[in-house]
Amino acid sequence: MTNEKQFSDLEQNRIDKLLRLREQGMEPYPARSERTHTNLEAIADFEKTEKDENSEPVKATLVGRIRSMRPMGKLVFTHIEDGSGTIQLFIRANDVGVEQLDLLKKEFDLGDFIQASGDLFRTRTGEVSLRTDSFLMLSKAITPLPAAKDEEVDGEIIRHAGLTDPETRYRQRYADLAVNPEIRKIFQIRANVNRAIREFMDGNGFLEVETPILQPIYGGAAARPFITHHNQLKQDLYLRISFELYLKRLMVGGFERVYEIGRDFRNEGVDRTHNPEFTQIEFYMAYADYNQVMDFTEKLLAFTAEKVLGTTELTYQGKNFDFGKPWRRIELKEGLVELAGINIDDFPEAESLAKAMKEKGLKVDPKSPRGKLIDDLIGEFLEPTFIEPTFLYNYPRDISPLAKNLPGDPQIVERFEGFMGGFELLNAFTELNDPIDQEARFLEMGRAFASDSDDDFHPMDEDYLNAMKYGMPPNGGFGMGIDRLVMLFADQANIREVILFPHLRTREE
RNA sequence: GGGCGUGUAGCUCAAUGGCAGAGCAGUGGCCUUUUAAGCCAUUGGUUGAGGGUUCGAGUCCCCCCACGCUCACCA
């Protein structure tokens with residue numbers, strides 16, 4: 001604030017206004033404000049009394065950011081916006097005096113916060129407005145907000161030349177939110193989703209817990225971690241990639257139903273369904289298997305939809321869904337026969353399966369284990385077709401090291417994933433609680449990925465095995481991406497739209 | 001990381017290799033029921049950064065940066 005060169009001409013202009021306001025005795029950043037009604041309360045109060053001819057005029061002191069200003073000589077119309085909505089101020093020289101009106105016209109700008117007092121009435125065109133008899137500056141904006149003008153045509157708001165550049169919108173989300181009120185609705189939905197899920201979980205006897213984000217060993221998913229360092233302990237730590245192994249330690253500890261809602265961090269590619277940090281809910285339910293978790297999932301999503309949207313039906317990217325109906329359930333092997341034309345039972349080895357996939361024109365990594373190839377087939381042939389809510393169940397063992405075997409088939413585990421809108425929304429399984437088998441799985445994974453790359457995908461978590469050796473009740477576990485769920489409820493195609501401050505590369509200079 | 005695309009005034013966008021423009025915002029006026037208010041006048045540019053070709057580059061070439069879409073990666 002000391003170097004004047006950091007202000008543009010437009011900003012310097014407003015700083016001059018700010019100084020003039022102060023000279024004339026109006027503090028541009030007063031410590032206190034008053035308000036008797038929110039804007040929408042004021043309109044509602046007025047409409048209540050309007051029908052009664054004997055009622056006194058409704059007096060109000062309102063606050064908000066100036067969103068439009070239409071000066072017409074000795075009369076100014078402005079719209080101000082507070083958290084509840086917008087209302088029109090009707091400010092006349094007759095009511096506030098010529099000097100005050102000049103002050104308003106000369107020193108107040110779009111983006112400033114104003115406080116106005118007066119009484120409510122209806123203008124000739126029928127809009128409830130505040131006939132202002134006094135006003136104050138509450139906060140002077142120095143940088144002009146990106147100019148946006150709204151036009152209402154048949155109840156629909158058309159925005160002219162607002163802020164649309166995605167880079168600016170994400171980098172300066174504050175400006176995006178300030179100028180595009182509908183963006184704020186997405187985050188209202190997000191908050192409502194979280195609240196609904198908590199309400200459902202709490203109502204079903206789950207305990208909400210918090211487990212470490214900084215972990216000495218990461219696990220519970222196949223993802224590369226972010227690494228950080230604790231100075232005093234002289235120890236590298238990982239930001240968690242899942243909550244799974246800690247939450248299941250709590251099963252050992254005697255909690256029968258636990259859940260956590262929090263942030264996971266995965267050091268991987270960014271695209272429209274992946275952000276490096278994202279929010280998950282995981283829960284673990286003792287004495288349940290994956291079939292019960294499937295049923296529970298349907299109830300959870302139906303409840304959440306009802307709470308957030310007021311109905312179980314929703315529209316996503318032009319398609320309609322109903323969370324009130326049971327999800328499609330497709331057995332993985334059968335789904336692949338049907339949609340990929342490959343019966344994986346015919347290809348018991350990675351080599352033969354890879355060959356069959358190449359014949360279908362797929363690119364195949366020669367080092368991939370069989371389970372990875374099957375996962376590739378899912379991504380290629382199944383996932384994009386799963387627009388309707390769909391459970392895909394019975395996954396290959398070698399890509400599911402924490403899931404329990406399906407009795408009678410050593411290659412298959414009791415695991416399902418939930419898809420919707422063409423992307424994966426959730427993942428769940430009957431949890432492996434046999435410590436001997438678990439250790440074998442860790443070793444298998446270590447071998448499977450040892451040749452894969454320099455990345456150490458699956459560090460052995462000895463302490464987790466120790467916990468399991470004390471005895472873990474049979475349980476079903478579940479993880480779901482909250483961001484992706486919010487995408488569905490807010491009808492957004494890109495995960496960044498549902499994250500307030502999505503990560504962008506830092507700009508040089 | 002690969003491919004394709006974008007980057008011009010505060011915002012949204014124009015400009016065959018030939019004077020860098022418009023609308024809105026801003027500034028100065030007029031205007032006492034407007035709502036994309038209107039009318040008159042007017043300011044505002046290192047065309048993302050750097051290099052090259054050319055008499056002349058926003059435009060063509062090279063390199064870099066950022067963003068978008070997409071592919072790869074992501075159990």
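As the structure is a computational prediction, the values presented were derived from the model and not from experiment. So you know, we letter chains A, B, ... as the sequences are listed, proteins then strands, and number each from 1.
- Side-chain contact check for Tyr464(A) and Glu439(A): no donor-acceptor pair (N or O, by modelled atom type) lies under 3.5 Å.
- The ring of Phe77(A) has its center closer than 6.0 angstrom to the ring center of Phe90(A).
- One finds no side-chain N or O of Arg272(A) lying less than 4.0 angstrom from the OP1 or OP2 phosphate oxygen of G68(B).
- Nucleotide G7(B) has C65(B) as its partner under the Watson-Crick or G-U criteria, with both atom distances under 3.5 Å.
- Here the separation of C30(B) from C69(B), taken at their C1' atoms, is 49 Å to the nearest Å.
- A donor and an acceptor atom, one from each side chain of Asn475(A) and Glu431(A), are nowhere located under 3.5 Å apart.
- Within the 4.0 Å cut-off from OP1 or OP2 of U12(B), at least one side-chain nitrogen or oxygen of Thr164(A) is found.
- Base engagement by Ile399(A) is indicated by at least one non-hydrogen atom pair under 4.0 Å involving a base atom.
- As a whole-Å value, the separation of Glu424(A) CD from C74(B) C1' is 10 Å.
- When rounded to the nearest whole Å, the span between NZ of Lys105(A) and C1' of C31(B) equals 8 Å.
- Between the CZ atom of Arg131(A) and the P atom of U32(B) there is a distance of 17 Å, given to the nearest Å.
- Nucleotide A72(B): unpaired (no Watson-Crick or G-U wobble partner with both distances less than 3.5 Å).
- Residues Asp491(A) and Gln317(A) bring a donor and an acceptor atom of their side chains to less than 3.5 Å of each other.
- Counting non-hydrogen atoms under 4.0 angstrom, Asp375(A) reaches the backbone sugars and phosphates but no base.
- The CG atom of Asp165(A) sits 10 Å away from the C1' atom of A66(B) (whole-angstrom rounding).
- Pairing partner, G26(B): U42(B), with both Watson-Crick or wobble hydrogen-bond distances short of 3.5 Å.
- Remark: Phe347(A) engages no residue in a ring-ring contact (aromatic ring centres under 6.0 Å, His included) (not counting sequence neighbours).
- Contacts between residues 89-97 of chain A and RNA chain B, defined by a heavy-atom separation under 4.0 Å, are made by Phe90(A), Arg92(A), Asn94(A).
- When the side-chain nitrogen and oxygen atoms of Arg169(A) are compared with OP1 and OP2 of C67(B), none of them lie within a distance under 4.0 Å.
- Atom CG of Asp376(A) is separated from atom C1' of C71(B) by 14 Å (rounded to the nearest Å).
- Nucleic acid contact for Ser400(A): none, since no nucleic acid atom lies under 4.0 Å from a heavy atom of the residue.
- Between Glu167(A) atom CD and C65(B) atom C1' the separation is 10 Å, expressed in whole Å.
- The nearest whole Å value for the distance from the CD1 atom in Ile142(A) to the C1' atom in G26(B) is 16 Å.
- Dashed line: the shortest gap from a side-chain N or O of Arg171(A) to OP1 or OP2 of C67(B) is under 4.0 Å.
- Annotation: U16(B) and C11(B) have their P atoms spaced 23 Å apart (nearest Å).
- Pairing for U54(B) is absent, judged as Watson-Crick or G-U wobble with the two contacts each under 3.5 Å.
- An OP1 or OP2 oxygen of U34(B) is reached within less than 4.0 angstrom by no side-chain nitrogen or oxygen of Arg70(A).
- Side-chain N/O atoms of Asn494(A) include one lying less than 4.0 angstrom from OP1 or OP2 on C69(B).
- Of the candidate nucleotides G68(B), G29(B), A37(B), A37(B) has the atom lying nearest to any side-chain atom of Met72(A).
- In this model, the phosphate group of U27(B) is approached by a side-chain N or O of Lys17(A) to a distance below 4.0 Å at OP1 or OP2.
- With hydrogens and angles disregarded, a donor-acceptor distance shorter than 3.5 Å links the side chain of Asp165(A) to the backbone of Thr168(A).
- A sub-4.0 Å separation between OP1 or OP2 of C67(B) and a side-chain N or O of Arg505(A) is present.
- Across all strands shown, U59(B) forms no Watson-Crick or G-U wobble pair with both distances under 3.5 Å.
- In this structure, U47(B) makes no Watson-Crick or G-U wobble pair, since no nucleotide meets both defining distances under 3.5 angstrom.
- Rounded to an integer number of Å, the gap from Gln172(A) CD to C67(B) P is 14 Å.
- Under a 3.5 Å cut-off, the side chain of Glu282(A) and the backbone N or O of Phe243(A) do form a donor-acceptor pair.
- Residues Lys404(A) and Asn433(A) are in side-chain contact: their nearest non-hydrogen atoms beyond the backbone lie under 4.5 Å apart.
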